[in-house]
Amino acid sequence: MMKNKYIRALLVDYGMVFVLIALCLLISLLTISDKHPEDPSAARKLAASLLKEVGSEISVLVVARNTEADEVFARALKEGLESGGADVVGVELGDPSSLRKRLELLGQQDERVDFIATHDFSSKWRVLSPVSRSEMGSLYPSLKNLKIAKPPSYRWPTFLTINNLIGILNQNAPIAIMAIGMTLVIITAGIDLSVGSLMALAAVVTATMIQSYLGNENAGVFSVALAFLVAIGVCALAGVFAGVIVTLFRVPPFVVTLGLMMVARGMSYILAGGADAVKIEADSIGALYSSSVFGIPSQIVLMVVLFVAAHIVMNHTAFGRYVYAVGGNETAARLSGVPVVGVLIAVYAICGLAAGLAGVLDVSHFGTGRPKAGEFYELQVIAAVVVGGTSLMGGEGKIFGTFIGALILGVIQNGLNMAGVDSYRQMVIYGALILVAVLIDQLKKKVVKPAAN
């Protein structure tokens, strides 16, 4: 009996973690494909392998495309070969036609070339096909034994690459940040439909301030930071306004935030003058988005820090206990001395602040204030919270669960993008996810009750 109790508790509290793991495994299996390394590490390994198998008494032409990444690859390959004693006759960075001219010149000079050292992409050029090499060898004896050497390919899931995983986190950081505020609101049995519009408002307010009042292209770091703070403050005040209407006038949160959603979106277009975007000329605008900490994008670092802080607040402070108490039973909380009005206003303010921060990140990313930013994001934010286990009935929910919910949505979106599913069908899937999550929430309560007995 005790064992069953713990199993139920594990499934209830951490069931979505298992769902996330299962999704990652499934998408990984579906995205297994051939990988052809082109990085400096692969170049060094190719050089070492070639020297080990053939020896240093070889003459090699290093070939790659004329790109920055390929230049780094070619340099590492050349250095690796020369350090082992091989003769590198040259480095050709270009295209098939330039490579053909280089080979013809080497042939005319009777320069022996044993290997073309390159990567998979360039090795497929027609000039390096067996037929072309045979023809060239018949014309130029020094190229008769020309062979191709490239890094070995391997099979690996496209999903499970460092760049893709970081991309998932980076792309979904604004939604996850807004989901923190939404979690607090939903735990109090409320809802906030305005987060996407407030995100757009923050972006446009930032852009118009910099463009009209802070010098635009002459705006420095402090001016941009001031615009960020003002934009976030505007959204926080909008959240305070929503909280006041909900608490003092007893208007349902759905109605209040629906109205605020329309007002914020309309204000975004008004401030933008009807334009699709308000362009910012300041060079420092992208610093927040493009900066990194130990190679990790700043958005991800900020998201993790905020989730940790929110977890501590909700689990180890009086305010966190008040939020749960208000959502569990508002009347009982009031009678117990909980400042219900203050708590509700605070959670809506925090939700607005989180939306403002997401808008600031958006304007830093695109370098423009976009009135269309955050469209339908409220759907994704609510989905992340509900999928993460927060009950729409209030009183239940965990910040950690919201984090897992945001990751689940990010993984699903990434998988759908890899599969070429359009945005409209993705909306259908998000809506279905909310319905499924609500049904699971109801079934979960039925599972928990027997465990309590």
Minimum-distance pair of heavy atoms, taken over all atoms of Ala74 and Ala64 = CB-CB, 4.4 Å
Can you list the steps and then say if Ser123 with Asp120 is a side-chain contact (heavy atoms from CB on, under 4.5 Å)?
-> CA-CA 5 Å; Ser123 71; Asp120 184 77; 4.2 Å; yes
Do the ring planes of His365 and Tyr289 sit parallel (below 30°), tilted (30 to 60°) or perpendicular (above 60°)?
-> parallel
Do you know the tightest heavy-atom contact between Ala200 and Arg370?
-> CB-O, 3.8 Å
Residues two or more places apart in sequence or in another chain: which of them pass side chain to side chain contact (heavy atoms under 4.5 Å, CB included) with Ser290?
-> none
Establish, from distance only, whether the side-chain atoms of Ser33 and Thr158 form a donor-acceptor pair under 3.5 Å.
-> yes
Looking at Val347 and Leu344, what are the two nearest heavy atoms and their distance?
-> CG2-O, 3.1 Å
Side chains of Trp125 and Val63 in contact at under 4.5 Å (non-hydrogen atoms) = yes
Hey, does Val195 have a side-chain heavy atom less than 4.5 Å from the side chain of Tyr377?
-> no
In this structure, CG of Leu306 is separated from CZ of Phe403 (nearest 0.5 Å) by 11.5 Å
Measure from the side-chain N and O atoms of Ser364 to the backbone N and O of Val360, and report whether any donor-acceptor pair falls under 3.5 Å.
-> no
Is any side-chain heavy atom of Glu79 closer than 4.5 Å to a side-chain heavy atom of Arg44?
-> no
Is atom CZ of Arg155 surrounded by more than 12 heavy atoms (other residues, nucleotides or ligands) closer than 6.0 Å?
-> yes
For Arg250 and Glu330, run salt bridge (Lys or Arg N to Asp or Glu O under 4.0 Å): C-alpha distance rounded to whole Å, both residues' side-chain angles, the deciding distance at 0.1 Å, then the answer.
-> CA-CA 13 Å; Arg250 312 303 296 175; Glu330 184 177 327; 3.4 Å; yes
Is it true that atom CE of Met418 has more than 12 heavy atoms of other residues, nucleotides or ligands lying nearer than 6.0 Å?
-> yes
Is there a donor-acceptor contact under 3.5 Å linking the side chains of Ser122 and Lys124?
-> no
Drop me the distance from Leu193's CG to Phe254's CZ, to the nearest 0.5 angstrom.
-> 5.5 Å
Check step by step if side-chain contact (heavy atoms from CB on, under 4.5 Å) holds for Asp39 and Val72.
-> CA-CA 8 Å; Asp39 56 280; Val72 175; over 6 Å; no
Is there a side-chain contact between Glu38 and Pro151 (heavy atoms, below 4.5 Å)?
-> no
Are the side chains of His119 and Asp70 in touch, meaning some heavy atoms are under 4.5 Å apart?
-> yes
On a heavy-atom basis, the closest approach of Tyr324 and Gly395 is CD2-O, 3.6 Å
Taking atom types as modelled, find out whether Ser97 and Asp95 have a side-chain donor-acceptor pair closer than 3.5 angstrom.
-> yes
If you draw a 6.0 Å radius around CD1 in Ile162, do more than 12 non-hydrogen atoms from other residues or ligands fall strictly inside?
-> no
May I ask you to check whether Gln426 and Asn417 show a side-chain donor-acceptor distance below 3.5 Å?
-> yes
Trace of the side-chain contact (heavy atoms from CB on, under 4.5 Å) decision for Leu302 with Leu357 | CA-CA 10 Å; Leu302 179 61; Leu357 181 55; 4.0 Å; yes
Taking the side chain as every heavy atom from C-beta outward, state whether Leu165 and Phe159 have any pair of such atoms under 4.5 Å apart.
-> yes
Measure across Ile350 and Gly181 and return the closest heavy-atom pair with its distance rounded to 0.1 Å.
-> CG2-CA, 4.3 Å
What do you reckon, is CD of Glu68 surrounded by more than 12 foreign heavy atoms closer than 6.0 Å?
-> no
Over 12 foreign heavy atoms within 6.0 Å of NZ, Lys45 = no
Main-chain N/O of Gly320 paired to Thr317 side chain as donor or acceptor, under 3.5 Å = yes
State whether the side chain of Thr208 and the backbone N or O of Val205 hold a donor-acceptor pair below 3.5 Å, judged by distance alone.
-> yes
Distance, nearest 0.5 Å, that separates CE of Met393 from CD1 of Ile186 | 10.0 Å
Side-chain contact test, heavy atoms from C-beta onward, threshold under 4.5 Å: evaluate it for Met314 versus Leu184 and give yes or no.
-> yes
Measure the spacing between CG of Leu409 and CG of Leu23 and express it to the nearest 0.5 Å.
-> 10.0 Å
Sub-4.5 Å side-chain heavy-atom contact between Val230 and Thr206 = no
More than 12 heavy atoms of other groups within 6.0 Å of Phe319 CZ | yes
Shortest non-hydrogen separation from Ala179 to Thr402 and the atoms involved | CB-CG2, 3.5 Å
Can you check side-chain contact (heavy atoms from CB on, under 4.5 Å) on His311 and Phe307, steps first, answer last?
-> CA-CA 6 Å; His311 174 79; Phe307 267 100; over 6 Å; no
Just by modelled atom types, is the Met261 backbone N or O under 3.5 Å from a matching donor or acceptor in the Ser197 side chain?
-> yes
Rounded to the nearest 0.5 Å, what separation is found between the OG atom of Ser298 and the CG atom of Asn170?
-> 7.5 Å
Report yes or no: does Thr368 contribute a side-chain atom to a donor-acceptor pair with the main-chain N or O of Lys279 at less than 3.5 Å?
-> no
Output for pair (Leu93 CG, Phe73 CZ), nearest 0.5 Å, gives 11.0 Å
